[in-house]
Participant: 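The structure is given below, and queries will be raised subsequently.
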Amino acid sequence: MDRDRPRHRRPRGALRGRRPAAAERPHQPARPQCRHADLLRLACHDAAAGRPPAHRYAGGCRADHRRPDRVGLHRRTGDAGQPGRRRVRPAVRVRFCPSPTGNPHVGLVRAALFNWAFARHHGGAFVFRIEDTDAARDTEESYEQLLDSLRWLGLDWDEGPDIGGPVGPYRQSQRRDIYDDVVRRLLEAGEAYESFSSAEEIEARHRAAGHDPKLGYDNADRELTAAQAEAFRARGRGAVVRLRMPAEEVSWTDLVRGPVSFAAGSVPDFVLARANGDPLYPLVNPLDDALMGITHVLRGEDLLPSTPRQIALYAALRRIGFDASTPLFGHLPLVRGEGNRKLSKRAPEASLQLYRERGFLPEGLLNYLALLGWAIADDRDVFSMSEMAAAFDIDRVSSNPARFDLQKAEAINGSHIRLLSVEEFAARVTPYLQSAGLVATPPSDTEAALIDGAAPLVAERVTVLSEAVDMMRFLFTTDLVVDSDAAAKFLGTEAGPVLRAAVDALERLSTWDSASIEAALKAALVDGLGLKPRQAFAPIRVAVSGRTVSPPLYESMDLLGRERSIDRLCAALG
RNA sequence: GGCCCCGUCGUCUAGCGGCCCAGGACGCCGCCCUCUCAAGGCGGUGGCGGGGGUUCGAAUCCCCUCGGGGCUACCA
């Protein structure tokens, strides 16, 4: 074992042209010679046929291409080898490949965001693929939610299930024939083998040998003879297909973490397909990455232990004739919830829908999520997505897990709300007012005028749009419900004289605008009754808005109108 | 248990051997502004897990240790 090999920590700056001399890093994994082959072949097929090939792995072309000069940074492919048909394919191809189970969660969104930013930064392609190979868990509803969520967030994709693309289909449930074929070829080549052991049998063997029963598959079926396999089959035993893992250490230079390696023998032969033939994630994920020309895989750290298996699969694919270049991997830090645990998909605070309903702006949520592992600068953390795309650098992504902090998320969102123009804020808050049943769809002219008038007052006092709805409710509701705590505190008997004086003053007003209201109220209550402003205005505010917290009082009354304002004061008088 | 990853204010981070008796943000505390709540402005609180080494010099490099986390399915 080489003790000098850098471990655990990437040499800082290693990916930015400050690599240590070769002699100092004896066991750096070999970098893939070329990650463009698929793209180029794709370009050729494309150009020749004018449409995507049905099976991309069936052919090949002799494209000339350069080796990228920097890890993590593909510049461009060469031309496709056809004079007059020069096509420059994006050198960077990344993907977002959720499985449609349950509601989209923030961990997923974060992964999508980083891939999107990486693609946009490098002028590459962002591919959206659906990994629906588990019929028992996948739902069409979840699939729709995924599309809807990404659209809402504004993370636009270049190829995907809804828009197609040159290497589709982009739903794995529609690629079954490809998987079946690859499994067959892997089996024929001896790269994979049939494994008859059941989980119980594997555990029993570990127990018998005095090992921990949780050790996992023991490669017991590796060298089964044809006769032995036949005997199993004769007894009606089904077999999963497993990939034969190499005997060597598997290592790679992680885009986020630097050198990572798994000792030889530490990863058991893994299952590519179920006994009933269903292909599984460990096969379809890397296979489709290969077939779709994915150059960089940015995903959660929870998938890091599966990387050696994927690297092994890529090698096996190459040995059976695929032009499959291993992508570069970058494992993003986990998003944690309360406590130190990974944010569970089922945790309520993980649900994207929740933040949407709460009134997060997509750009605000995204900005906060970006902060979970990345910083645009040391003195700034509010930025737009286009700024992020321009500045994003995978080498500057932190490898520490990050806790989702709702308070900070809302603070960042509040900053984005304040960045909106008044018109934009009004437009964004309107759907929330509509779903609260406060205004019509579309809003009436009167309602629209109230929204526009309240927008500048409300925008600077809220961090999420749902708060704005609560703050604007009094303007639209016909029967105001006064908050009981507020009423108890400010609308007691001692409020009577204050309210009466206010009504008197306001009724005498000839013009109804905030300046006149302010002058009248101050004259009547502060000068007239000798009250402190706090005492004077609290009952009025509660009577008019129903709450102790509201937009500025005079402006609020101006918007509400003379009649409704005075009616509410009278109502509070009882 | 095994394999792997990670350790800078409460939280998210900046830091890539001297610019750092560690900077920013959120939070928290105080003040200013003020009709409430915010926003905004100003100020404050608070951290390199521990121990060894390398070096003239370590938050930064190495080792050990402690702690946290992930994975360990015929889910993805």
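Naming: A, B, ... by sequence-line order, numbering from 1 per chain.
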Participant: For Y368(A), which contact category applies under a 4.0 Å heavy-atom criterion: base, sugar-phosphate, or nothing?
Facilitator: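 Contact class for Y368(A): none.
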Participant: W374(A) and F114(A): aromatic ring centres closer than 6.0 Å?
Facilitator: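 Ring-ring flag for W374(A)/F114(A): false, centres at least 6.0 Å apart.
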Participant: Is there a donor N/O on one and an acceptor N/O on the other, under 3.5 Å, for the side chain of R380(A) and the base of U13(B)?
Facilitator: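 Check fails, no donor-acceptor contact within cut-off.
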Participant: Kindly indicate whether the side chain of R541(A) and the base of C35(B) share any N or O donor-acceptor pair separated by less than 3.5 Å?
Facilitator: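 Indeed, a donor on one side and an acceptor on the other fall under 3.5 Å apart.
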Participant: Under 4.0 Å: is that the gap between some side-chain N or O of R274(A) and OP1 or OP2 of A73(B)?
Facilitator: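 So the side-chain polar atoms of R274(A) never come under 4.0 Å of the phosphate oxygens OP1 or OP2 of A73(B).
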Participant: Is a donor-acceptor contact shorter than 3.5 angstrom present between the side chain of R403(A) and the base of C12(B)?
Facilitator: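 Side chain to base: no pair below 3.5 Å.
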Participant: Got a sec, which pairs hit ring-ring contact (aromatic ring centres under 6.0 Å, His included) with one end in residues 515-542 of chain A, sequence neighbours left out?
Facilitator: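 Qualifying pairs: F537(A)-Y554(A).
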Participant: Quick one: is G68(B) close enough that its OP1 or OP2 comes under 4.0 Å of any side-chain N or O from N400(A)?
Facilitator: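 For N400(A), the contact criterion (side-chain N or O under 4.0 Å from OP1 or OP2 of G68(B)) is not met.
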Participant: Between D289(A) and R95(A), is a side chain to side chain contact (heavy atoms under 4.5 Å, CB included) present by the stated rule, with each step listed?
Facilitator: CA-CA 8 Å; D289(A) 284 348; R95(A) 82 316 195 254; 2.8 Å; yes
Participant: Tell me what S306(A) touches on the nucleic acid: a base, only sugar-phosphate, or nothing, going by heavy atoms under 4.0 Å.
Facilitator: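 No contact.
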Participant: Look at all strands and tell whether F537(A) reaches a base, only sugar-phosphate, or nothing, counting heavy atoms closer than 4.0 Å.
Facilitator: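 Result for F537(A) = sugar-phosphate.
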Participant: On the side chain of R137(A), is there an atom forming a donor-acceptor pair with the base of C75(B) - under 3.5 Å, no angle test?
Facilitator: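 Check passes, donor-acceptor contact within cut-off.
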